[in-house]
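Quick note on labels: first sequence line is chain A, next is B, and so on, each numbered from 1.
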There are 2 protein chains.
Amino acid sequence: MSTEAGFLLPLRLFVGFRQLIDAVHAELAREGHPDLRPLHGFVFQAIGRDGTTAVELGRRLGVSKQAAGKTIDGLERLGYLERASDPADARRKLVRLTDRGHAVLTRSAQIFDELRAEWATRIGPERLRALEADLVTVTGAEAFRLDVPGWFG
Amino acid sequence: MSTEAGFLLPLRLFVGFRQLIDAVHAELAREGHPDLRPLHGFVFQAIGRDGTTAVELGRRLGVSKQAAGKTIDGLERLGYLERASDPADARRKLVRLTDRGHAVLTRSAQIFDELRAEWATRIGPERLRALEADLVTVTGAEAFRLDVPGWFG
DNA sequence: CTAGGATGGTCAACGTGGTTGTCCAAAACG
DNA sequence: CGTTTTGGACAACCACGTTGACCATCCTAG
């Protein structure tokens with residue numbers, strides 16, 4: 001039986017998570033995206049390359065459609081999203097990433113890859129793979145939940 | 001070189017973190033503490049067994065003293081904190097955990113221990129120790145930063 | 001074909017939790 | 001003893017979540 005206090009485990013996971021996210025956003029800020037917040041990554045992920053609607057986005061993020069609408073407003077003002085009418089359904093407004101949005105998504109993925117490579121050099125690729133595999137084992141391989149926005153609070 | 005996409009790493013860390021936090025709060029809610037939010041754990045941790053002041057709490061949480069004051073108001077209303085005048089300094093108001101506050105902190109630690117034991121049975125105690133050690137190696141053994149409140153947003 | 005329900009989006013009002021600015025009482029210090 | 005520093009509170013404001021209401025549009029049952 002290990003003697004490590006149990007409450008340290010979530011803290012260590014969170015520190016790792018936070019360092020990765022902070023590193024990505026520091027680099028993105030350096031490259032011309034100073035207004036992106038950690039939360040926006042989840043939003044981009046929830047919108048996806050194909051776009052979606054405000055209602056569907058709200059469902060994926062676990063918030064009301066109104067809250068999703070406000071989030072879209074903000075990212076639209078920053079130039080990362082655009083709204084387009086759906087020719088097949090006059091009620092719907094398709095929310096899509098702009099070129100700038102696609103660019104930042106692609107760039108984020110690259111930076112995450114680089115950061116993961118750094119981790120691999122520090123603890124070794126084997127240990128990193130083991131770490132990831134163990135996390136999957138213990139948390140279950142469920143699809144990632146994006147409903148983070150109101151989760152803290 | 002591993003082929004795992006880099007952006008999955010922070011997600012896996014976050015899922016682990018979130019599952020632990022959610023499990024603790026689900027159990028606490030079951031035991032009569034339905035109003036506690038994930039964030040409150042950081043607040044309790046920042047206050048500590050000995051108590052602090054609003055200004056110092058704000059420093060530890062990385063927020064203004066006014067924001068710290070509001071947070072204290074809320075947890076005071078819920079019966080977890082109490083304010084007491086400092087006999088040695090009439091300006092200061094000592095913020096301390098109530099008996100209820102101490103109880104929930106102790107209980108949380110127990111639950112975290114139980115959850116860690118569960119993880120140990122699923123991936124084995126050595127792998128769990130390795131996971132924790134690797135996280136420390138890669139993130140640095142820095143003291144835990146509690147300045148989480150405004151971090152997302 | 002039309003009446004009625006379901007769906008997508010927006011507006012308004014509100015609560016919470018953060019911010020800054022101001023002010024006051026008490027302590028610390030020259 | 002006057003001045004500066006400190007701890008706390010109050011106010012106004014902003015970001016972001018909530019509900020409730022409303023409207024246009026689509027879908028479907030009769």
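Using a 30° and 60° split on the angle between ring planes, W151(B) and F17(A) fall in the perpendicular class, above 60°.
Distances shorter than 4.0 Å separate none of the side-chain N or O atoms of S85(B) from OP1 or OP2 on dG8(D). At the phosphate of dT18(D), OP1 or OP2 sits under 4.0 Å from a side-chain N or O atom of S64(A).
At whole-Å resolution of the value, CZ in R60(A) and C1' in dG8(C) are 15 Å apart. Following rounding to the nearest Å, F152(A) (CZ) and dT18(D) (P) show an atom-to-atom distance of 17 Å. If you take CD of E56(A) and C1' of dA6(C), they are 16 Å apart, rounded to a whole angstrom. Rounding to whole angstrom units, CG of residue D73(A) and P of dT10(C) are separated by 7 Å. Computed from coordinates, the L61(A) CG to dC16(D) C1' distance equals 13 Å when rounded to whole Å. Atom CG in D86(B) sits about 17 Å away from atom P in dT6(D), given to the nearest Å. Rounded to whole Å, the distance from NZ on K93(B) to P on dC24(C) is 17 Å. Here dA9(D) presents its P atom at 13 Å from CG of L57(B), a figure rounded to the nearest Å.
Residue T53(A) is classed as a sugar-phosphate contact, given heavy-atom separations below 4.0 Å to backbone atoms only. Contacts of K70(A) with the nucleic acid, taken as non-hydrogen atoms under 4.0 Å apart, include base atoms. Looking at heavy-atom distances under 4.0 Å, A67(A) makes contact with a base. Residue R59(A) is in sugar-phosphate contact alone, with no base atom involved, counting any heavy-atom pair closer than 4.0 Å across all strands shown. Among the atoms of the strands shown, only primed sugar atoms or phosphate atoms (P, OP1, OP2) are found under 4.0 Å from some heavy atom of R83(B).
The nearest heavy atom of DNA chain D to G62(A) and to R91(A) marks one nucleotide each, and the one closer to the 5' end goes with G62(A). Nearest-nucleotide positions on DNA chain C place H40(B) closer to the 5' end than the other of D89(B) and H40(B).
Closest to the side chain of K65(A), out of dT19(D), dG9(C), dG17(D), is dG9(C). When the nucleotides dC26(D), dT19(D), dA9(D) are ranked by their closest atom to the side chain of Q66(A), dT19(D) comes out on top. Closest contact between the side chain of A54(A) and the listed nucleotides dT25(D), dG9(C), dT19(C) involves dG9(C).
Taking the charged nitrogens against the carboxylate oxygens, E132(B) and R12(A) have no contact shorter than 4.0 Å, which rules out a salt bridge. Classification of R129(B) and E4(A) as a salt-bridged pair fails, no side-chain N sitting under 4.0 Å from a carboxylate O. Ionic pairing of E31(B) and R107(B) is present here: one or more N-O contacts between side-chain nitrogen and carboxylate oxygen are shorter than 4.0 angstrom. A salt bridge links R18(B) with D147(A): the distance from a Lys NZ or Arg NE/NH1/NH2 to an Asp or Glu carboxylate oxygen falls below 4.0 Å.
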